[in-house]
Participant: 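Here you go, one structure.
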Protein chains: 2
Amino acid sequence: MSAPRTQPIALECHHSTPGSVSTPTWHRLRDALLALIDSLGNNRKRPCRLPAEREMIARFSTTRITLRDALTQLEGEGRIYRENRRGWFIAPSRLHYDLLAGLAFHDMVESQQRQASTLLLSASTVPAPLHIARRLWLSEGSAVQRIVRVRAIDGRRVLYVEHHLRPDCFPGILDFDLAQHSLTALYRHEYSIRIARVDYELGSTIFGGPAGEALHATPGTAAQRITRINRDQNGRVVDCDDEYWRHDAIELALSAVPRGG
Amino acid sequence: MSAPRTQPIALECHHSTPGSVSTPTWHRLRDALLALIDSLGNNRKRPCRLPAEREMIARFSTTRITLRDALTQLEGEGRIYRENRRGWFIAPSRLHYDLLAGLAFHDMVESQQRQASTLLLSASTVPAPLHIARRLWLSEGSAVQRIVRVRAIDGRRVLYVEHHLRPDCFPGILDFDLAQHSLTALYRHEYSIRIARVDYELGSTIFGGPAGEALHATPGTAAQRITRINRDQNGRVVDCDDEYWRHDAIELALSAVPRGG
DNA sequence: GCAGTTTTCTGATCTAGACCAACTGGCCAT
DNA sequence: ATGGCCAGTTGGTCTAGATCAGAAAACTGC
């Protein structure tokens, strides 16, 4: 605990110029919260929780809704995040995710001096839904292997992934320890399949349903969707992923030669 | 105007199973709003506005805050968007943005049967801020050409871009009609410079400041940031962009060979 | 017509709570 | 040590407004 001050703090009202419009309360609150965040320090290893909402209300002499506006603002900026019904936390710095580096999750995370962990939610053979069947060049309802995992950085759950594999490519892959092994490593070493081309599709959405629950994300918070379709050295589609990231957890990067060059 | 019904509508309360938890009001409201959106039709050419908030409150017999929760939800999903103090609108379908296609904005938009337009906000030579100087391999404060534009699809402002160019690469480029010409076309035809490599950096943020104002975006709404650094055929950095998109306006895509292959 | 002005409408912001369900932590029994 | 139970805490959800400032529409005068 750092300097516990229970004294209410009056929000300063800065006017950039005397005649200008006054800053909205939530904006001043936002700055006050930033100061609070700084004062709490940002040691990455342990999730650093903000005080309870009602305590912050008292401390800043404001209402729940205004406080929430300010918190939501900072959440959108990626400075803080929220765990459903558990509170607000200071967001660690973003993971640098190079889409074309071809690194497995654990390698990527550990190369940035962070600790990675994976939780296997399910691994089974299921009938392919239409959109999955289309991606994998299969007919709707034909069998596909489905692997659902949750991945965490320094203990914080940041990614929910669903993989769908063509079963003719990877017979028996579900029997491996999928929480420990990288899928691409298994592809290469057990099936001699290398990922030679990737098609990405990126879009923003919100959490809700299984992805939100698995990450303890409050329904409605921003999510980064990353869909990828992998092809092997023969150009054959072998699997696809649907990734849902906490939006504040990553920063995407890539370097390539554009076609119109 | 479609079927104008001023009768309040009772939100149905569906319980999936008798013993289960009831769906929150905002979630049922969300579904009702989706139905409303469908009933309004989604003709792409004209921005289709939802009724005023107070009217929707009356129609659905709810409160402002609950309505806003539902609207915010749909906004996050990209189904609707908001113009600051102007109302809520049905979101057109997303523009498919292939990061590596090397297409200029107008070509990209028109190839998808949409109409593109560009507004030039400013074009001048300014001292380079530190982060720009670093990207362009210049020293802080040295002169760079700065071009700020707003781009619209079918009349809807969706993108705010700031370009910073190395002045030694493009002398006199600010004298061209920058609202009509594609920068990359000018590079190629007037300066014989082709973009041979692009470094992208993608992240989610929120609107605020000049970008938000230029797009009429309410401060705090989600934005997709795309930063790119362009190199010419000799590997020399020639310029960089900072793009801020309305998050619901685009879907990013790319296809490439990963390095770890 | 057209430009400047006024009015109206509308979303943005804020107040002051209440109630509920999920989560947490402590206590107790096995 | 482990697991279940209980109560307090806390965030999620919702009610019922008020006020303000920007945007759009209506209006006015040249």
Side-chain angles (χ1 to χ4, degrees), chain A residues 8 11 13 15 19-30 32 47 49-76 80-89 157 206-208 212-221, chain B residues 8 11 13 15 19-30 32 47 49-76 80-89 157 206-208 212-221:
Chain A
L11 296 177
C13 183
H15 294 239
S20 77
V21 182
S22 71
T23 315
T25 303
W26 63 258
H27 198 282
R28 280 176 284 127
L29 224 194
R30 172 189 166 278
R49 186 167 173 281
L50 265 56
E53 291 185 0
R54 286 170 179 82
E55 188 183 324
M56 288 191 277
I57 290 174
R59 188 180 297 190
F60 297 116
S61 304
T62 183
T63 49
R64 195 89 178 280
I65 292 189
T66 304
L67 175 71
R68 262 151 162 287
D69 282 347
L71 289 170
T72 303
Q73 201 72 194
L74 290 168
E75 185 185 37
I80 60 177
Y81 68 97
R82 174 167 35 159
E83 296 216 355
N84 199 9
R85 291 180 182 278
R86 224 161 302 191
W88 299 85
F89 300 84
R157 297 179 175 200
I206 55 177
F207 280 115
E213 281 172 30
L215 298 184
H216 303 312
T218 305
T221 50
Chain B
L11 296 178
C13 184
H15 294 239
S20 78
V21 182
S22 71
T23 316
T25 302
W26 64 257
H27 198 281
R28 282 175 283 128
L29 224 195
R30 172 189 166 278
R49 188 168 172 282
L50 264 55
E53 290 185 2
R54 286 170 179 80
E55 189 183 322
M56 289 192 277
I57 290 173
R59 188 180 297 190
F60 297 115
S61 305
T62 183
T63 48
R64 200 79 182 287
I65 292 189
T66 305
L67 175 70
R68 255 145 170 291
D69 282 346
L71 289 169
T72 303
Q73 199 75 192
L74 290 168
E75 186 185 37
I80 60 178
Y81 67 98
R82 167 166 44 155
E83 296 215 356
N84 198 11
R85 289 176 185 279
R86 222 162 305 190
W88 298 85
F89 300 83
R157 296 179 175 199
I206 55 176
F207 280 115
E213 281 173 29
L215 264 40
H216 303 312
T218 305
T221 51

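Please read these numbers as outputs of a predicted model, since none were measured by experiment. Letters A, B, ... are given to chains in the order of the sequence lines, protein chains preceding strands, and every chain is numbered from 1.
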Participant: Rounded to the nearest Å, what distance is computed from the CZ atom of residue B/Arg30 to the P atom of nucleotide D/dT13?
Facilitator: 13 Å
Participant: Side chains of B/Arg64 and B/Leu67, heavy atoms from C-beta outward: is any pair under 4.5 Å?
Facilitator: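 Side chain of B/Arg64 against side chain of B/Leu67, heavy atoms only: no contact under 4.5 Å found.
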Participant: Starting at CH2 of B/Trp88 and ending at P of C/dG11, how long is that distance when rounded to a whole Å?
Facilitator: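 In whole Å, C/dG11 P and B/Trp88 CH2 are 9 Å from each other.
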Participant: Would you mind reading off the distance between A/Arg64 atom CZ and C/dT15 atom P, rounded to a whole angstrom?
Facilitator: 14 Å
Participant: B/His27 has an atom NE2; how far is it from atom C1' of D/dC14, in whole Å?
Facilitator: 17 Å
Participant: For a 4.5 angstrom cut-off between non-hydrogen side-chain atoms, does B/Met56 reach B/Leu71?
Facilitator: yes
Participant: Which nucleotide, D/dC14, D/dG12, C/dG11, lies nearest any side-chain atom of B/Arg68?
Facilitator: C/dG11
Participant: Check whether any side-chain N or O of B/Arg157 sits under 3.5 Å from a backbone N or O of B/Ala214 as a donor-acceptor pair, and report yes or no.
Facilitator: yes
Participant: Using whole Å, what does the distance between atom P of nucleotide C/dG11 and atom CD1 of B/Ile80 come to?
Facilitator: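 For the pair B/Ile80 CD1 and C/dG11 P, the rounded distance is 12 Å.
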Participant: Does a distance-only test, which skips hydrogens and angles, find a donor-acceptor pair under 3.5 Å between the side chain of B/Arg54 and the base of C/dG11?
Facilitator: yes
Participant: How many angstroms lie between NE2 in B/His216 and CZ in B/Arg85, if you round to the nearest 0.5 Å?
Facilitator: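 Nearest 0.5 Å value for the NE2-CZ distance: 14.0 Å.
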Participant: Between P on C/dC14 and CZ on A/Phe60, what's the gap in Å once rounded to a whole number?
Facilitator: 15 Å
Participant: Considering only side-chain heavy atoms of A/Ile65, which listed nucleotide, C/dA16, D/dG12, D/dG11, is closest?
Facilitator: C/dA16
Participant: Determine whether the side chains of A/Thr221 and A/Thr218 contain a donor N or O and an acceptor N or O closer than 3.5 Å.
Facilitator: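 The answer is no; no qualifying pair exists.
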Participant: Are B/Thr63 and D/dG17 close enough that a side-chain N or O sits under 4.0 Å from OP1 or OP2?
Facilitator: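 No, because none of the side-chain N or O atoms of B/Thr63 sits under 4.0 Å from OP1 or OP2 of D/dG17.
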Participant: Can you give me the N/O atom pairs linking the protein to nucleotides 23-26 of chain D at distances under 3.5 Å, or say none if there are none?
Facilitator:
none

Participant: Within the structure shown, what part of the strands sits under 4.0 Å from B/Trp26 by heavy-atom distance: base, sugar-phosphate, or nothing?
Facilitator: sugar-phosphate
Participant: Counting heavy atoms from C-beta on, name the nucleotide in D/dT15, D/dA18, D/dG12 closest to the side chain of A/Arg82.
Facilitator: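 Among the listed nucleotides, the one closest to the side chain of A/Arg82 is D/dG12.
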Participant: For A/Leu67 and C/dC14, what is the distance between atoms CG and C1' respectively, to the nearest whole Å?
Facilitator: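 Between C1' of C/dC14 and CG of A/Leu67: 13 Å.
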Participant: Whether B/Thr218 contacts C/dA12 is assessed here as follows: a side-chain N or O lying under 4.0 Å from the phosphate OP1 or OP2. Is that the case?
Facilitator: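 Result: yes.
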Participant: Say you draw a straight line from CG of A/Asn84 to CZ of A/Phe207; how long is it, rounded to the nearest 0.5 Å?
Facilitator: 12.0 Å
Participant: Phosphate oxygens OP1/OP2 of D/dT15: is one of them under 4.0 Å from a side-chain N or O of B/Thr66?
Facilitator: yes
Participant: Among the candidates D/dT15, D/dG12, D/dT10, find the nucleotide nearest to the side-chain atoms of A/Arg49.
Facilitator: D/dT10
Participant: Taking atom P of D/dA16 as reference, at what distance in whole Å does atom CD of B/Glu53 sit?
Facilitator: 18 Å
Participant: Could you tell me whether a side-chain N or O of B/Arg49 sits under 3.5 Å from a main-chain N or O of B/Arg86, the two making a donor and an acceptor?
Facilitator: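 Indeed, once roles are kept as given, a pair shorter than 3.5 Å links the two residues.
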